[in-house]
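In what follows, a structure is listed as structure tokens, so that the remarks can point back to it.
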Amino acid sequence: MEAPRLYSTKPVQSLKPTKKIPLEEDTGKASDALPLPLYLTNALFFTLFFSVVYFLLSRWREKIRTSTPLHVVTFSDIIAILSFLASFIYLLGFFGIDFVQSLVFQSSPDVWIAEEEDDEVLLAKEDARKVPCGQALDCSLPPLPPVAPIVTVQKVFDEKPVTVLTEEDEEIIKSVVAGTTPSYSLESKLGDCKRAAAIRREALQRLTGKSLSGLPLDGFDYESILGQCCEMPVGYVQIPVGISGPLLVNGREYSVPMATTEGCLVASTNRGCKAIHLSGGATSVLLKDGMTRAPCVRFGTAKRAADLKLYLEDPDNFETLSVVFNRSSRFGRLQGIKCAIAGKNLYIRFTCSTGDAMGMNMVSKGVQNVLDFLQTDFPDMDVIGISGNYCSDKKPAAVNWIEGRGKSVVCEATIKGDVVRKVLKTSVESLVELNMLKNLTGSAMAGALGGFNAHASNIVAAIYIATGQDPAQNVESSHCITMMEAVNDGKDLHVSVTMPSIEVGTVGGGTQLASQSACLNLLGVKGASKETPGANSRTLATIVASAVLAGELSLMSAIAAGQLVKSHMKYNRSTKDVSKASS
């Protein structure tokens with residue numbers, strides 16, 4: 001059987017009426033009788049109609065009483081009769097023509113179809129879409145089987161030709177399938193990133209025998225990810241983005257974008273934002289800002305390793321090392337060096353500021369400069385790796401929990417007792433007790449490392465994906481301890497989150513992509529700060545911590561009130577039948 005083709009060779013079918021109706025033809029309406037707004041015109045004729053009817057009935061009653069013939073009319077009677085006819089015709093034309101026409105006349109079956117059938121056809125067309133509608137995705141209707149003809153005075157859909165695989169593309173696909181052309185080389189050979197993705201996608205479908213019809217290809221700028229975000233693309237995954245807020249922190253309001261497929265998460269965080277806002281807002285403070293990298297070096301003896309440790313930690317040598325390190329970047333500035341020794345092996349943890357970038361590449365270049373410089377005085381030093389896991393990147397580690405990595409932030413708010421009861425649907429006492437037994441005692445019983453919270457990683461991951469951060473760094477960025485206590489004689493709730501290793505940036509990596517850049521722009525932290533280097537990334541870190549505070553507050557309240565299971569069953573359960581999904 002012939003393998004499925006990537007593109008259809010037929011143009012998209014458009015909706016066309018069987019009988020053409022000029023779109024420009026202006027059909028007159030009764031409401032066009034006067035150059036007035038529609039509601040004034042209707043009010044005028046309604047008033048005229050009932051006033052004239054009342055006048056004529058009164059006149060006829062008077063004539064009967066005085067034995068005056070009814071056909072004897074005065075000038076005022078004539079005016080009243082004409083006004084009655086005019087208002088009656090208007091009201092009949094505005095309200096009654098379609099009704100009378102539907103009773104008296106039979107529409108031609110070749111031209112008109114009942115409105116209900118129109119709706120069913122349009123709904124059928126919407127449901128027949130094979131590609132879900134997403135951001136920057138062309139959602140034009142795909143080819144459909146023949147349906148009953150529809151006549152409409154609305155603008156018909158324009159026909160859009162679909163890209164067709166050429167003979168040259170077919171030959172390249174066959175060579176990729178055969179293994180003669182490496183899939184990773186398509187972009188460089190073709191010079192067209194989207195065409196390369198389409199060819200790679202079709203080759204993959206033929207090799208695996210599996211369809212990728214549900215994975216969008218069109219509507220994405222593949223040039224923007226070349227050499228920096230993703231290799232060998234075959235499409236892109238759509239993740240819905242919800243908005244929580246306004247989140248009031250440090251006197252400013254933010255609408256927080258969250259990319260997630262977990263029901264209730266955005267709604268719950270939004271409730272927490274409301275509670276914080278009604279209580280006067282949150283205060284978020286940046287404690288530390290420094291990215292780390294820790295290479296591992298080895299010597300012939302432990303003494304030589306200790307010699308280097310003492311040299312690096314000597315304050316007299318720090319200035320020299322800083323000059324060497326800082327050559328790597330305009331923004332990278334060495335802040336400190338911390339060493340840990342294990343026998344003959346030495347782990348050197350460099351910490352530096354990185355401006356508005358997350359800074360992993362920046363600090364790595366500076367570290368390499370220092371290692372090259374140290375080879376002069378320590379020629380017996382063997383560099384095992386630029387990263388020795390003492391950094392520690394993308395792994396839960398006590399060094400990050402204690403020393404911090406990236407941005408260290410603490411965020412607090414005092415929630416009024418009335419807000420706790422009316423918005424969060426629980427009590428101050430219940431929240432304090434639950435936090436103690438769950439987030440503190442329960443996490444300690446589990447041997448948690450930096451996990452003394454309810455679900456900080458939920459909010460961190462959602463914001464990271466929406467704003468183009470590295471999702472894998474959610475591991476250490478979600479280190480958080482949530483504290484709650486009753487204040488003001490037990491009436492109000494003081495809640496705080498302390499997060500020592502939030503790793504974010506507003507330049508580089510995925511932050512440059514259109515969708516992620518738009519989310520950063522929504523927060524007002526897109527790109528590098530022109531006034532103060534690093535200000536945007538620091539602001540983003542405080543927003544992340546504040547959003548975590550909102551999420552912690554709402555989820556803990558739901559658990560305290562016994563609403564967690566009920567809300568998830570309502571909002572996080574799909575009603576779709578996925579058994580018919582194509583394999």
Side-chain angles (χ1 to χ4, degrees), residues 227-228 288-408 470 472-473 475-477 500-501 503-505 507-509 533-534 537:
Q228 49 194 344
K288 191 186 299 185
D289 181 8
M291 182 50 63
T292 64
R293 175 60 84 196
C296 174
V297 299
R298 182 173 58 192
F299 289 89
T301 64
K303 181 180 182 305
R304 285 293 289 166
D307 289 342
L308 179 57
K309 180 180 186 298
L310 295 174
Y311 174 85
L312 292 172
E313 293 180 346
D314 187 347
D316 295 336
N317 299 324
F318 183 77
E319 184 176 351
T320 301
L321 295 173
S322 295
V323 172
V324 175
F325 185 98
N326 296 344
R327 292 173 185 167
S328 62
S329 169
R330 292 180 300 153
F331 303 104
R333 294 293 177 265
L334 184 64
Q335 296 176 345
I337 302 174
K338 182 181 179 64
C339 299
I341 192 169
K344 300 185 297 182
N345 306 302
L346 183 66
Y347 299 85
I348 313 167
R349 195 171 192 256
F350 294 82
T351 304
C352 81
S353 60
T354 57
D356 281 306
M358 183 272 290
M360 286 297 299
N361 293 332
M362 191 182 300
V363 66
S364 296
K365 289 190 293 182
V367 168
Q368 188 62 56
N369 287 348
V370 174
L371 292 177
D372 294 341
F373 172 78
L374 292 175
Q375 290 283 1
T376 303
D377 294 330
F378 297 88
D380 54 336
M381 181 181 69
D382 183 15
V383 179
I384 301 301
I386 190 69
S387 175
N389 272 11
Y390 187 52
C391 311
S392 174
D393 186 40
K394 301 172 184 174
K395 291 166 284 293
V399 68
N400 291 338
W401 177 241
I402 298 170
E403 298 290 337
R405 187 170 196 256
K407 277 74 173 170
S408 299
D470 188 340
Q473 290 184 323
V475 175
E476 63 267 36
S477 295
S501 50
E503 299 165 352
V504 292
V507 296
S537 62

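All of these numbers come straight from a predicted model, not from anything done at the bench. Only this structure's heavy atoms are used, side chains among them; waters, hydrogens and symmetry mates stay out.
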To the nearest 0.5 angstrom, please state how far the [atom1] atom of [X] sits from the [atom2] atom of [Y].
| X | Y | atom1 | atom2 | value |
| --- | --- | --- | --- | --- |
| Ile337 | Leu321 | CD1 | CG | 5.0 Å |
| Phe299 | Ile341 | CZ | CD1 | 9.0 Å |
| Lys365 | Phe325 | NZ | CZ | 10.5 Å |
| Ser353 | Met362 | OG | CE | 8.0 Å |
| Arg333 | Cys352 | CZ | SG | 9.5 Å |
| Leu374 | Leu308 | CG | CG | 6.0 Å |

Does any N or O in the side chain of [X] come within less than 3.5 Å of the main-chain N or O of [Y], such that one atom is a donor and the other an acceptor?
| X | Y | answer |
| --- | --- | --- |
| Ser501 | Glu476 | yes |
| Lys288 | Glu403 | yes |
| Ser537 | Ala357 | no |
| Lys395 | Asp393 | yes |
| Arg349 | Thr292 | no |
| Thr354 | Met360 | no |
| Asp356 | Val507 | no |
| Ser408 | Pro500 | yes |
| Arg330 | Arg327 | no |

[Y] side chain reached by [X] side chain, heavy atoms, under 4.5 Å:
| X | Y | value |
| --- | --- | --- |
| Phe373 | Thr320 | yes |
| Arg405 | Gln473 | yes |
| Val370 | Leu334 | no |
| Val367 | Ile348 | no |
| Trp401 | Pro396 | no |

| said: Using a 6.0 Å cut-off, check whether atom CG of Asn369 has over 12 heavy atoms from anything other than its own residue. | reply: yes
How close do [X] and [Y] get, heavy atom to heavy atom, and via which atoms?
| X | Y | value |
| --- | --- | --- |
| Lys394 | Ala472 | CD-CB, 3.7 Å |
| Cys391 | Ala294 | SG-N, 3.1 Å |
| Ala305 | Leu346 | O-CD2, 3.8 Å |

| task | With sequence neighbours left out, write down each residue that passes salt bridge (Lys or Arg N to Asp or Glu O under 4.0 Å) with Asp289, or none if nothing qualifies. | result | Lys407, Arg538
Identify every side-chain donor-acceptor pair in residues 378-390 under 3.5 Å, counting partners at least two apart or on other chains, and give the distances.
residue	atom	partner	partner atom	Å
Asp380	OD1	Arg304	NH2	2.9
Asp380	OD2	Arg304	NE	2.9
Asp382	OD2	Arg298	NH2	3.3
Ser387	OG	Arg293	NH1	3.2

